[in-house]
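Step one of this worksheet: look at the structure below.
Note on naming: letters A, B, ... go to the chains in the order of the sequence lines (proteins, then strands), and numbering restarts at 1 for each one.
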There are 2 protein chains.
Amino acid sequence: MALIVQKFGGTSVASTDRIKNVARRVARWKAQGNDVIVVPSAMSGETNRLIGLAREISAEPDPRELDVIASTGEQVTIALLAMAMHEEGLKAKSYTGAQVRVLTDSTFTKARILQIDDEKIRKDLAEGNVVVVAGFQGADENGNITTLGRGGSDTSAVALAAALKADECQIYTDVDGVYTTDPRVVPEARKLDTITFEEMLEMASLGSKVLQIRSVEFAGKYKVKLRVLSSFDDEGEGTLITVEEEKKMEQPIISGIAFNRDEAKLTVLGVPDRPGIAYQILGPIAEANIDVDMIIQNVGHDGTTDFSFTVNRGDYTKALGVLETVKTKLDARGVVGDNKTCKVSAVGVGMRSHPGVASQMFSALASESINIQMISTSEIKISVVIEEKYLELAVRVLHKAFGLDKAD
Amino acid sequence: MALIVQKFGGTSVASTDRIKNVARRVARWKAQGNDVIVVPSAMSGETNRLIGLAREISAEPDPRELDVIASTGEQVTIALLAMAMHEEGLKAKSYTGAQVRVLTDSTFTKARILQIDDEKIRKDLAEGNVVVVAGFQGADENGNITTLGRGGSDTSAVALAAALKADECQIYTDVDGVYTTDPRVVPEARKLDTITFEEMLEMASLGSKVLQIRSVEFAGKYKVKLRVLSSFDDEGEGTLITVEEEKKMEQPIISGIAFNRDEAKLTVLGVPDRPGIAYQILGPIAEANIDVDMIIQNVGHDGTTDFSFTVNRGDYTKALGVLETVKTKLDARGVVGDNKTCKVSAVGVGMRSHPGVASQMFSALASESINIQMISTSEIKISVVIEEKYLELAVRVLHKAFGLDKAD
């Protein structure tokens with residue numbers, strides 16, 4: 001008998017019919033002798049509807065009150081799911097985050113989970129209940145309702161799995177697993193049976209939207225066995241996210257090709273090459289609430305250097321404006337930018353033990369005459385910024401070059 | 001400086017624009033130096049929508065889970081109201097029933113309030129906040145979410161006013177007060193400046209839908225000054241519901257004419273006139289979940305008697321079926337019924353000290369040749385059952401006969 005945490009996203013509970021489907025699926029797991037904790041999101045569209053109401057009242061709603069309203073989305077789903085399970089003949093009981101309770105800090109709208117009280121859940125499981133816990137929410141030490149931010153239900157599920165030492169945390173989504181790359185770009189893309197936490201983190205941070213990055217970090221930290229599955233397919237085994245040692249011996253060097261289309265590149269030309277310069281450039285960018293992705297600074301010459309970074313395309317104009325001020329302050333030579341760029345990355349723990357992956361990547365891109373504008377590497381990934389028009393071509397050529405279109 | 005509890009019903013918070021109006025109204029009360037606690041219902045239609053979702057899942061949803069989902073309606077309103085008050089420059093903070101907490105018993109879907117913890121509210125008021133508390137809901141001693149049943153927000157408001165010893169509990173509705181009778185039937189109907197709790201109770205139980213009957217009982221018991229006001233009219237003083245002694249000296253004998261159109265009458269003919277007979281007839285009726293209104297049993301003759309009662313018209317056929325079984329069991333002579341009847345009542349504490357009110361009423365009805373089928377009296381009301389087609393005529397003639405169309 002195993003204890004399984006199952007998380008269902010908004011599309012999996014988008015209608016009462018889909019909620020009934022989820023209940024039937026849970027009933028099958030229960031019939032196999034498992035204890036099950038179910039963590040649903042709000043019905044898809046519901047969180048946006050609620051936040052829309054708030055915005056009709058106020059352009060900048062109070063975060064505490066925003067959480068009071070936003071948390072009702074999951075509260076509706078847990079009750080409907082419990083009812084649907086009763087219809088399947090299961091014992092089931094629902095809890096809001098505050099009822100559990102899922103203790104968080106007081107950072108409304110993006111709170112962090114501090115602790116989970118497992119007493120009620122353990123008691124209910126022991127009595128044969130399926131326990132349905134609202135994802136995305138908790139309460140702070142004063143009993144104020146908090147939410148974990150968009151995608152927080154994944155984190156709720158993983159945190160519950162960690163707190164209750166569950167045997168597996170299953171994340172049901174509208175895809176049937178993690179792919180070597182986006183199948184819409186490369187039809188030959190294959191579903192991975194396993195992927196390591198580190199690879200998954202890189203994939204997530206590089207734009208693969210299957211799992212919320214915080215939940216992957218959390219699962220890795222607490223050694224929670226995480227599995228991504230489709231809620232619309234009863235057969236598949238999904239993708240298991242493992243610690244590195246558990247991957248099979250004969251593993252590919254590269255596990256996947258990730259990409260991010262919405263990348264814009266900015267460069268401050270000829271800045272004085274002295275300590276503190278990165279902060280003087282990126283400090284004002286951070287103050288303007290612009291997230292920076294890649295940062296590149298090459299060796300300087302003649303006492304100056306060029307400083308480049310990428311931002312989300314939506315922040316491009318704002319970032320340019322900030323840099324104009326910075327330029328004057330630093331007496332830099334100029335500011336240039338390009339918002340027609342994209343980022344393509346090869347990810348795989350295998351590159352740790354296989355030198356030459358970078359050159360293999362660059363050679364593949366060169367064979368198609370794709371010019372590389374920026375390069376950034378980590379221990380298990382290599383990212384390049386290229387012209388946006390080459391995105392699909394680059395992904396396809398890399399997917400093939402690293403043999404990802406062939407079965408393991 | 002006074003402490004005011006203001007309850008706003010579903011139509012008063014039906015849209016974000018109306019919610020903004022409520023916030024402006026609260027701001028005016030606050031500007032006059034009052035402390036204000038606001039108790040809203042769910043946006044109109046919302047509770048029905050939520051219960052509709054539950055019914056899509058289950059014909060008989062689990063009551064505990066039904067309360068989890070139903071309570072979200074008010075939770076949305078409190079947050080929106082708090083945000084709207086922030087926009088008016090007020091400090092405001094929302095609480096769900098469970099957060100306050102409003103402690104109830106565990107009778108899900110129709111829980112009763114046991115106790116209200118006033119600590120957080122007092123602290124927030126002292127810090128200058130308007131405190132917004134979700135009506136209709138609470139939590140039991142195990143932290144389960146409960147609701148008080150339809151119209152329970154009135155009860156929440158009165159209970160909060162009692163717990164915090166508020167100076168006044170204002171119930172904002174879509175009418176501007178309590179009328180001598182329904183103005184749609186009698187255009188000359190006048191708004192009452194005051195009415196006693198007992199009269200209000202009789203009016204409510206007789207079909208006047210302004211206030212929920214439990215909240216009036218509660219207010220009477222805890223001596224809460226209750227006022228009914230229109231949320232769409234900024235000027236009116238509404239109707240104050242008082243204890244009897246506070247009513248002015250020169251008061252009318254009758255305060256109002258109430259009526260109930262949906263009345264059906266049933267009679268078991270020739271039942272043995274012996275102890276226990278009422279229970280043998282009404283026991284099976286109660287078991288069939290049929291609410292009985294008036295009950296009449298006259299003196300018997302020849303060892304048998306006729307036993308009559310009225311039920312809501314929707315229960316008429318069901319009640320007839322039950323009585324057929326009862327008839328056989330009791331060896332009664334027959335069962336007759338009529339679902340084309342209605343009830344008209346004259347209500348007033350004045351009749352205590354004025355004999356002859358009944359005969360005055362019967363004479364007025366006789367003058368229009370309206371036949372009285374059943375009569376039932378209490379200390380402060382006289383009700384008659386008549387043919388439904390005479391309803392409007394009876395109400396008008398009584399309204400006039402008791403001088404209700406003239407100013408106090």
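When all heavy atoms of A:L229 and A:G236 are compared, the closest pair comes out as CD2-O, 3.6 Å. Among all heavy-atom pairs drawn from B:V13 and B:M43, the shortest one is O-CG, 3.1 Å.
When each of A:S94, A:G73, A:A92, A:S15 is checked for heavy-atom pairs under 4.5 Å with chain B, A:S94 comes out on top. Across B:N144, B:L80, B:D17, the residue that shares the most heavy-atom pairs under 4.5 angstrom with chain A is B:L80. Highest contact tally toward chain B, considering only A:I69, A:V132, A:I57, A:L50, is held by A:I57 [criterion: heavy-atom pairs under 4.5 Å]. Most heavy-atom pairs under 4.5 Å with chain A, from the set B:H86, B:E60, B:K93: that is B:K93. Of the listed residues (A:E87, A:E56, A:Q99, A:Q75), the greatest number of heavy-atom pairs within a distance under 4.5 Å of chain B belongs to A:Q75. In terms of heavy-atom pairs under 4.5 angstrom with chain A, the leader among B:I19, B:N142, B:T96, B:T72 is B:T72.
For NZ of B:K110, the number of neighbouring non-hydrogen atoms (other residues, nucleotides, ligands) closer than 6.0 Å is 12 at most. Annotation: A:E141, atom CD; neighbour count of heavy atoms from other residues, nucleotides and ligands within 6.0 Å does not exceed 12. Counting heavy-atom neighbours within 6.0 Å of A:E119 CD, excluding the residue itself, gives a total of 12 or less.
Neither the backbone nor the side chain of A:L81 has a heavy atom closer than 4.5 Å to any heavy atom of chain B. Heavy atoms closer than 4.5 Å to chain A are found in both the backbone and the side chain of B:L53.
If you take CG on A:D154 and CD1 on A:I171, they are separated by 4.5 Å, rounding to the nearest 0.5 Å.
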